[in-house]
Amino acid sequence: MPPAPEVCCTIPLGTPVRLEIMEPLSSKTQKEGDQFKIRLAQPVSVHGQVVLTAGDVGVGEVVDVAPAGFTGRGGKLVLAARYIDQQGVRVRLMAFKLGGSGVSHEDSSLVVSTVGAVAVGPLGVIPGVLIKGGQIDIPAGAEATAKLSSAIDLHPAASPDATDRKTSP
Amino acid sequence: MTKTALVLTATLALLAGPAFADDSASGSAASKAVDASAPPAADQPTSATAIPPPPAGKGQVIFYRPWNYFGAADWIKIRENGAELGKMYGGHYFIQVTDPGVHKYTVAMETTDTLKLQVDPGETYYVAAQVHMGVVLYRFNLAPVDEATFDKALKHLSPIKATGQGEEPAPSAAPAP
């Protein structure tokens with residue numbers, strides 16, 4: 001039985017990581033507390049040794065969600081990355097931020113602010129009441145970033161091709 | 001109109017941190033490892049506003065209210081667990097330094113809107129109090145936005161102190177849109 005590899009490296013607190021969201025998310029369908037799959041999109045090395053491999057999977061969580069409303073209120077979707085699982089070790093994450101490809105609406109804008117207040121609904125009804133705000137839709141594969149929430153000691157990645165290991169969604 | 005009120009979270013923001021700065025040149029992000037042993041970048045001001053990062057071990061939330069004719073003369077209160085954090089007329093912002101963790105903020109006018117944020121140490125979040133029409137009055141909702149959006153709004157904003165840290169804002173102090 002081969003000996004377990006020695007811990008080689010410490011990844012510092014705050015180390016940035018690139019992530020990929022593995023499933024579609026929507027302010028229309030998600031619930032608060034829902035968990036979703038993420039994976040590492042870019043390996044992390046320490047002194048030339050890869051310790052976190054691209055493809056390592058992890059978990060994110062929906063912190064807050066609200067569907068778009070009928071008075072022009074836009075949807076809300078607040079997400080957090082919790083951890084990446086690296087060979088059974090949970091690498092805790094914080095400071096989750098979605099990359100630019102995360103919005104599928106036509107204008108591809110991260111933020112379009114209020115319009116309901118100045119819009120007039122059809123048929124002369126009360127202004128704004130029938131104006132429905134946009135949902136937040138994040139497609140599978142959307143890129144994101146996060147940081148390590150604490151320093152962690154890890155073994156070097158096991159396989160030679162581990163720098164670009166892929167897992168299925 | 002297909003583009004209505006689309007609001008995305010401050011935690012859903014474009015990021016181009018120093019560690020990723022060379023990715024566009026290298027082509028594939030996945031092909032190049034993040035070097036965790038490289039010295040960390042020094043703390044930079046949070047945005048173009050030169051707002052400093054939060055104190056060590058703390059996070060901060062910047063609440064702002066874009067200037068808007070609707071409700072411009074009425075102030076709104078931002079609260080957490082019933083405690084007032086600050087109140088704003090249109091065209092103001094304040095900074096709330098807070099402990100890391102999940103925070104639940106509210107704003108009330110015709111209805112009450114809530115926003116939960118995961119605040120992490122060393123991070124700054126931006127929340128816009130946006131007005132939209134209600135059934136009788138107007139309503140406000142708390143919308144997390146990204147730093148670029150806040151920076152864009154900033155030219156129409158004036159800073160105020162959070163509740164308990166200074167004087168209340170005066171309506172006349174609000175800059176014109």
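Below, chain A is the first sequence line, B the second, and so on; all start at residue 1.
Proximity to chain B is limited to the side chain of A:Thr15, based on heavy atoms less than 4.5 angstrom apart. Heavy atoms of A:Glu32 lying under 4.5 Å from chain B belong exclusively to its side chain. Using a 4.5 Å cut-off between heavy atoms, B:Pro121 contacts chain A through both its backbone and its side chain.
Contact of the B:Leu117 side chain with the B:Val127 side chain is registered, since non-hydrogen atoms from C-beta on lie closer than 4.5 Å. Between A:Glu143 and A:Arg18 there is a side-chain heavy-atom pair separated by less than 4.5 Å. Contact check for A:Val78 versus B:Leu115: side-chain heavy atoms found under the 4.5 Å cut-off.
For the residue pair A:Gln135 / A:Ser27, a side-chain donor-acceptor distance below 3.5 Å is found, with atom types taken as modelled.
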